Amino acid sequence: MGTEPPASPGWKEKAIITSLNEKQTILIVDDSMLNRALLADMIGDAYRIVEAEDGKQAVAALQKEGTGISLVLLDYVMPQMNGFDVLEVMNRNGWIKDIPVIMVSAESDAAYIERAYELGVTDFINRPYDVNIVRRRVMNTLMLYQKQRTLMGMVADQIYEREKSNNLMVYILSHIVEFRNGESGMHVLNVQAMTEMILTQLVSMTDQYPLTAEDISLITMASSLHDIGKIAIPEEILNKPGRFTDEEFAIMKTHSAVGSDMLDDLELYKDEKLVRVARDICRWHHERWDGRGYPDGLAGEEIPISAQVVALADVYDALTSPRVYKPPFSHEEALRMIREGECGSFNPLILECLTAVAGDLESRLNRGVTGREISIDTLRPRGTDVDEGSATASSRTLELLDYERMKYHFFASMSNEVQFEFTEEPPMIVLSDWGDRKLGLPEIVMDPYHDEGFCAVFGRENLEKLNRLLRATTPENPVIDMEVEVTVEGETRWLHALVRALWSEDAEPVYLGSIGKFIDIDDRQAELRDLQFKAYHDPLTEVVNGAFARKVITERLGEGDEYDRYTDRHVLLLCDLDFFKQANDTRGHQFGDRVLQHFASQLQESVRGQDVVARVGGDEFLVCMDCPVDPRPLIERIHGSLEGEFEGFPLSVSMGVATTDDGVRDYDELFRRADVALYHKKRGGRGGFVFYGDLTDEERGSLLECEHTALSGIDADEEGDASPADR
């Protein structure tokens with residue numbers, strides 16, 4: 001038998017490794033591919049190996065996998081970010097507390113090693129590597145951290161059980177009070193759940209009440225004791241089905257003061273925070289914002305916020321629950337009664353919170369537990385088996401974090417969205433697995449604002465705008481919502497960006513990065529463009545319709561003195577196809593449609609791209625263009641390009657022309673003038689054009705025979721040329 005070390009771990013070592021957690025993940029960070037391969041071979045195939053060739057890739061892997069990484073083997077000398085830079089990022093993000101790091105390096109300077117330990121490394125291995133030392137230190141570090149997690153889990157379990165027992169005792173006590181009142185314990189739980197919902201909403205809406213998560217939890221628990229004073233109220237009053245007499249109501253109102261006195265009498269515990277909060281709630285949960293409550297007639301902010309919120313929760317549940325003296329009101333009716341002051345006045349800000357959570361109330365109440373208890377029981381990790389030596393980590397915090405990360409990756413892979421996380425230091429974006437395939441980008445992009453491939457997809461201007469908007473947010477309003485046009489494999493697509501900026505909790509918040517998602521809305525944008533096109537265009541000829549033309553022309557004409565009369569001249573002409581009815585009558589409506597399509601196409605080709613061409617009636621079209629020179633040669637050229645024949649049918653066109661030469665900039669007036677000119681042209685002989693300015697005062701003032709326009713009026717009178725506008 002030789003003395004050479006085995007090429008891979010023996011069965012005993014594998015058994016130990018497997019007992020920890022089969023296929024734990026080890027991140028090897030080294031700029032030398034040879035060193036990474038050497039370490040991977042030494043560790044063996046019992047682990048899942050993730051490699052990073054520099055510090056930035058290491059941070060990206062940690063950002064993506066979190067506590068899914070069980071151990072980091074970290075080199076010091078690397079490009080872009082060295083090992084100390086990685087450790088500083090791990091300390092800044094709190095990763096070093098949960099993910100052990102073994103520094104592997106050829107450096108042996110004492111100051112260097114001391115610096116590594118100061119930054120949180122667990123162990124230090126010098127090159128050249130000894131296979132047995134590497135394996136043993138990796139296994140020892142993993143076992144040490146697993147035992148630490150086990151102890152953390154045991155402590156967390158004990159805290160959880162104590163909290164659960166405390167909640168249970170409070171619930172039993174409050175249930176006894178409700179039982180005397182002929183009610184189930186649901187009232188207590190409903191008040192508890194609603195109190196938590198409103199307080200959470202209140203904190204998210206304003207910083208007027210500086211409540212911490214601990215404060216909210218404490219008030220929520222204390223709310224269960226709001227009616228303990230009822231234990232001193234005679235049962236015949238508590239359960240009276242009819243209205244109270246004045247004397248009975250006076251007795252009933254004493255329960256708030258009695259409850260607070262009972263808590264004041266707890267000599268050993270009266271200074272405990274829970275007791276103080278419960279005492280405030282007991283005494284003042286029947287006070288009202290306008291000062292018309294009891295027992296002390298407090299008003300406004302004199303009433304502790306804890307009592308204000310519990311008062312609202314108490315009223316809502318009383319309204320929506322059956323009582324011996326009334327049937328339950330509906331959710332909607334209860335909200336109406338509270339908002340309209342039929343149950344006393346409440347803090348307007350808390351009423352806003354009620355409105356915000358109203359949609360969730362019915363689903364959260366009357367379930368026997370609060371939403372908070374549901375989430376803890378649902379996600380509660382399995383108990384550990386320390387005696388068996390399995391060392392399975394039961395740390396509630398770590399497992400909940402891993403659970404949330406697993407959920408995130410699952411939903412990201414299943415949804416048709418590009419989800420991402422961006423960190424400012426180091427500058428890096430991590431795309432969801434589906435997202436990198438959708439955009440044709442790598443899953444991890446370092447320094448995305450300067451990465452050529454990333455900028456080619458999103459565009460530098462879009463990225464600069466996004467970065468500018470994110471940095472302009474605040475911790476109170478961190479969300480931005482915008483649409484961006486991207487280029488994927490040479491094709492442009494529209495994405496809807498919904499992004500939340502991340503800020504530090506310092507006195508002067510620092511921008512840390514962002515999380516968000518890009519939703520592909522290209523199909524929706526295409527539908528919108530199609531709808532807009534249909535709304536603005538004539539479906540047969542695909543030129544714009546009269547309504548849209550009016551809007552555009554009105555904007556171009558301007559108002560007041562915003563134009564130069566001679567250089568900013570506009571010409572509006574109305575074109576009418578002569579004898580169009582004959583095309584429909586002799587060759588059918590389908591042929592008539594083709595005639596109109598041909599005419600519209602010819603009209604568009606005879607003018608410039610920026611000129612407005614619109615269909616305003618059956619065979620009537622409008623053109624508006626700016627023309628700083630004499631418009632007559634232009635009109636003559638346009639008219640000549642329109643006349644001729646189409647599939648053997650002769651095309652004759654009459655046109656009426658109006659200009660802004662005399663200062664008229666009103667669309668309706670210009671249209672009327674062109675209409676009058678066209679009327680006189682068709683009355684005097686078809687084919688050709690007439691300028692409104694060439695008409696006499698008498699011709700301009702003549703009345704039309706039709707009450708609508710010259711177009712429809714003259715067509716109705718002329719033989720063989722009626723308009724099919726309504727076909």
Side-chain angles (χ1 to χ4, degrees), residues 186-227 256 274 277-278 280-293 298-321 328-367 369-375 473-479 500 505:
M186 291 306 303
H187 175 65
V188 171
L189 295 174
N190 288 343
V191 169
Q192 226 182 3
M194 192 169 170
T195 297
E196 184 179 35
M197 292 172 70
I198 293 178
L199 287 172
T200 302
Q201 181 65 31
L202 182 67
V203 170
S204 70
M205 288 174 54
T206 178
D207 56 2
Q208 183 175 339
Y209 303 97
L211 298 171
T212 65
E214 180 185 0
D215 294 331
I216 293 175
S217 178
L218 198 67
I219 295 171
T220 299
M221 179 182 290
S223 70
S224 303
L225 303 173
H226 69 284
D227 273 342
S256 56
L274 173 64
V277 173
D280 290 347
I281 292 173
C282 282
R283 185 170 189 87
W284 292 312
H285 72 281
H286 282 289
E287 300 288 359
R288 292 296 179 261
W289 187 253
D290 59 3
R292 301 176 66 180
L298 302 184
E301 297 296 356
E302 293 176 336
I303 312 168
I305 190 62
S306 57
Q308 291 187 47
V309 173
V310 172
L312 183 60
D314 186 34
V315 166
Y316 173 85
D317 190 64
L319 289 172
T320 56
S321 302
F329 292 102
S330 68
H331 167 73
E332 292 76 15
E333 180 65 10
L335 292 178
R336 184 198 64 76
M337 294 171 70
I338 292 172
R339 288 167 180 156
E340 295 183 4
E342 295 182 22
C343 307
S345 64
F346 295 94
N347 185 337
L349 192 55
I350 296 180
L351 290 179
E352 286 185 34
C353 294
L354 175 65
T355 300
V357 303
D360 296 329
L361 282 178
E362 289 185 293
S363 62
R364 285 282 301 274
L365 303 189
N366 297 308
R367 295 180 62 174
V369 287
T370 67
R372 177 171 172 270
E373 289 166 330
I374 290 173
S375 63
T473 63
T474 63
E476 294 76 26
N477 296 288
V479 178
R500 187 189 196 282
E505 297 183 358

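Just so it is clear, the structure is predicted and the values come from calculations on it, not from any experiment.
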Task: Between CD1 on residue Ile350 and CD1 on residue Ile338, distance to nearest 0.5 Å - done: 12.0 Å
- [ ] Examine distances only and state if a side-chain atom of Gln308 and a backbone atom of Phe346 form a donor-acceptor pair shorter than 3.5 Å.
- [x] no
Open item on the list: Can you list everything that forms a side-chain contact (heavy atoms from CB on, under 4.5 Å) with Ser204? Sequence neighbours excluded, please.
Closed with: Gln201
TODO: Enter the distance from Leu312:CG to Leu354:CG here, rounded to the nearest 0.5 Å.
DONE: 5.0 Å
Open item on the list: Filter on salt bridge (charged side-chain N to carboxylate O under 4.0 Å, His left out), then keep only pairs touching residues 298-307, sequence neighbours left out; what's left?
Closed with: none
- [ ] Kindly write out the residues that satisfy side chain to side chain donor-acceptor pair (under 3.5 Å) with Ser345, not counting sequence neighbours, or none if the list is empty.
- [x] Asp290
Open item on the list: I'd like to know if the side chain of Glu287 and the backbone of Leu298 have a donor-acceptor N/O pair within less than 3.5 Å.
Closed with: yes
- [ ] Please collect all salt bridge (charged side-chain N to carboxylate O under 4.0 Å, His left out) contacts where either partner lies in residues 337-356, sequence neighbours excluded, each pair once.
- [x] Arg336-Glu340, Arg336-Glu342
Task: Evaluation steps, side-chain contact (heavy atoms from CB on, under 4.5 Å), between Val357 and Thr200 - done: CA-CA 10 Å; Val357 303; Thr200 302; over 6 Å; no
TODO: Could you list the residues that satisfy side-chain contact (heavy atoms from CB on, under 4.5 Å) with Cys343, not counting sequence neighbours?
DONE: Val315, Leu319, Met337
Open item on the list: I need the Cys353 SG to Leu202 CG distance, nearest 0.5 Å.
Closed with: 4.5 Å
Task: Test log, rule ring-ring contact (aromatic ring centres under 6.0 Å, His included), inputs His187 and His226 - done: CA-CA 11 Å; His187 175 65; His226 69 284; 5.3 Å; yes
TODO: Flag the pair Leu199 / Tyr209 as yes when at least one side-chain heavy-atom distance between them is below 4.5 Å, and no otherwise.
DONE: no
TODO: Please say whether more than 12 non-hydrogen atoms of neighbouring residues, nucleotides or ligands are located less than 6.0 Å from CD in Glu332.
DONE: yes
Open item on the list: Set out, in order, the CA-CA distance, both residues' side-chain angles and the distance that settles side chain to side chain donor-acceptor pair (under 3.5 Å) for Asp280 and His285, then state yes or no.
Closed with: CA-CA 8 Å; Asp280 290 347; His285 72 281; over 6 Å; no
TODO: Sorted by first residue and then second, give each salt bridge (charged side-chain N to carboxylate O under 4.0 Å, His left out) pair with at least one member in residues 199-221; sequence neighbours left out.
DONE: Asp215-Lys273
